[in-house]
Asks: 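Quick one: the structure is below, and I'll ask about it shortly.
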Amino acid sequence: MPAAERLTTSSRLSLDGIGPVDIGMTLDQASTAAGTPIRTRPEDPFGPECEYAYASGVPELAFMVINGRIERVDVVDRSGRRVKTVSGVGNGDTEEAVKRTYPGRIRVEGHPYLPTGHYLVYVPADPAFAHLSMIFETDGKVVTSFRAGIRGVVAQIEGCS
């Protein structure tokens, strides 16, 4: 029997989770699936309605937890560029590379804080995934961060704020 997949910097982000961690899991379920603790930080200023959790050993990831369940995964790695999507897109990739990787599936929106930046919003082709979304934030040239999960939660610009 092969070993269970662990959450690592080699895990890939999809619309419905990252590696062995699925959108909708509780932190206990996610920790068990990941093979590493995923916990909130007591010093974070958020409450149980919306808070962030982090995986031990994978600092590139932030899990948005709403009412006890993971609803969004943010890739916050700005330098290492280790975590990527299942299609191989990650921070530092060009806007054109994102569009080439997901032909006809990217809607370009203005970035709310960077006049030259964009939100490249992935639009799922499969109606079964219509409730999910992925957004690549760019500085107008390259991806600076990206996130996936429940569509309305992924669209929240300020996260839990």
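By convention here, the first residue in the shown sequence is residue 1.
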Asks: Apply side-chain contact (heavy atoms from CB on, under 4.5 Å) to Ile23 and list each qualifying residue two or more places apart in sequence or on a separate chain.
Replies: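 Ile23: side-chain contact (heavy atoms from CB on, under 4.5 Å) contacts with Ile70, Val73, Ile150.
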Asks: Does Ser56 use its side chain to pair, donor to acceptor, with the backbone of Thr36 at less than 3.5 Å?
Replies: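 Answer holds: no.
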Asks: Do Val153 and Tyr54 belong together in a cluster built from hydrophobic side chains that touch within less than 4.5 Å?
Replies: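 Linked within one cluster.
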Asks: Does any part of the side chain of Thr144, heavy atoms only, come nearer than 4.5 Å to the side chain of Thr138, both counted from C-beta?
Replies: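 A side-chain contact under 4.5 Å is absent here.
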Asks: Report yes if some heavy atom in the side chain of Arg39 is under 4.5 Å from a heavy atom in the side chain of Asp28; otherwise report no.
Replies: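 A side-chain contact under 4.5 Å exists here.
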Asks: Where do Ala34 and Pro20 come nearest, in terms of heavy atoms and distance?
Replies: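 Residues Ala34 and Pro20, closest heavy atoms: CA-CG, 3.9 Å.
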Asks: State whether the side chain of Arg72 and the backbone N or O of Met64 hold a donor-acceptor pair below 3.5 Å, judged by distance alone.
Replies: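 No: the side chain of Arg72 does not pair with the backbone of Met64.
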Asks: Quick one: pull up CD in Glu95 and NE2 in His118 and give me the separation to the nearest 0.5 Å.
Replies: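 Result: 5.5 Å between the selected atoms.
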Asks: Same cluster or not: are Val121 and Ile157 linked, directly or through other Ile, Leu, Val, Met, Phe, Trp or Tyr residues, by side-chain heavy atoms under 4.5 angstrom apart?
Replies: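 Yes, because Val121 and Ile157 connect within a single hydrophobic cluster, where side-chain heavy atoms sit under 4.5 Å apart.
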Asks: Among all residues two or more places apart in sequence or in another chain, which pass the side-chain contact (heavy atoms from CB on, under 4.5 Å) test with Asn67?
Replies: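 Residues passing side-chain contact (heavy atoms from CB on, under 4.5 Å) with Asn67: Glu49.
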Asks: Specify the closest pair of heavy atoms between Asp126 and Ala128, including all atoms of both residues, with the distance to one decimal.
Replies: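 In terms of heavy atoms, the two residues are closest at OD1-N, 2.8 Å.
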Asks: Is there a side-chain contact between Leu132 and Arg151, using heavy atoms and a 4.5 Å cut-off?
Replies: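 No, side chains not in contact.
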Asks: Counting C-beta onward and ignoring hydrogens, is there a side-chain heavy-atom pair between Val83 and Ile18 closer than 4.5 Å?
Replies: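 Answer yes - side chains close enough.
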Asks: Can you run down the ring-ring contact (aromatic ring centres under 6.0 Å, His included) pairs that involve residues 8-45, sequence neighbours left out, and say none if there aren't any?
Replies: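 Found none.
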Asks: Measuring from atom CZ of Arg147 to atom CG of Leu61, what distance do you get when rounded to the nearest 0.5 angstrom?
Replies: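 That separation rounds to 14.5 Å.
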Asks: Is there side-chain contact between Val65 and Tyr52, with heavy atoms separated by less than 4.5 Å?
Replies: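 Side chain of Val65 against side chain of Tyr52, heavy atoms only: no contact under 4.5 Å found.
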Asks: Show me the pairs that pass disulfide bond (SG atoms under 2.5 Å apart) and involve residues 102-161, at least two apart or across chains.
Replies: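 Every disulfide bond (SG atoms under 2.5 Å apart) pair that includes a residue of residues 102-161, provided the two are not neighbours, is Cys50-Cys160.
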Asks: Would you say Ser87 and Thr85 make side-chain contact, with heavy atoms under 4.5 Å?
Replies: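 Yes. Closest side-chain heavy atoms under 4.5 Å.
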Asks: Which atom pair, heavy atoms only, marks the closest approach of Val142 to Gly92?
Replies: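 Looking at all heavy atoms of both residues, the closest pair is CG1-O, 3.6 Å.
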Asks: Should Lys141 and Asp93 count as an ion pair when the cut-off is N to O under 4.0 Å?
Replies: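 A salt bridge is absent here (no side-chain N lies under 4.0 Å from a carboxylate O).
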Asks: Can you tell if the side chain of Phe136 reaches within under 4.5 Å of the side chain of Tyr102, non-hydrogen atoms only?
Replies: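 Contact flag for Phe136/Tyr102 side chains = yes.
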Asks: Check whether any side-chain heavy atom of Leu15 sits under 4.5 Å from a side-chain heavy atom of Tyr122, and report yes or no.
Replies: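 Yes, at least one pair of side-chain atoms sits under 4.5 Å.
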Asks: Is there a path from Phe146 to Val108 through hydrophobic residues (I, L, V, M, F, W, Y) whose side chains come within less than 4.5 Å of each other?
Replies: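 In one cluster with Phe146: Val108, yes.
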Asks: Check whether Arg105 reaches the backbone of Val123 with its side chain - one donor and one acceptor, N or O, closer than 3.5 Å.
Replies: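 Confirmed, Arg105 side chain pairs with Val123 backbone.
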Asks: Measure the spacing between OG1 of Thr32 and CE of Met25 and express it to the nearest 0.5 Å.
Replies: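 Answer rounded to 0.5 Å: 8.5 Å.
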Asks: Holding to ring-ring contact (aromatic ring centres under 6.0 Å, His included), I want the full list of residues that pass it with His111, two or more places apart in sequence or in another chain.
Replies: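 So His111 forms a ring-ring contact (aromatic ring centres under 6.0 Å, His included) with Tyr119.
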Asks: Do Ser145 side-chain atoms and Val76 backbone N/O form a donor-acceptor pair below 3.5 Å?
Replies: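 Here the side-chain-to-backbone pair does not exist.
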Asks: Applying side-chain hydrogen bond (donor to acceptor under 3.5 Å, both in side chains) as the test, list every pair that has at least one member in residues 14-26; sequence neighbours left out.
Replies: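 Matches after skipping sequence neighbours: Ser14-Asp16, Thr26-Gln29.
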Asks: Do you know the tightest heavy-atom contact between Met134 and Leu13?
Replies: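 In this case the closest contact between Met134 and Leu13 is CE-O, 4.2 Å.
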Asks: Could you report the tightest heavy-atom contact between Gly149 and Val154, atom names first, then the distance?
Replies: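 Heavy-atom minimum between the residues: N-CG2, 3.1 Å.
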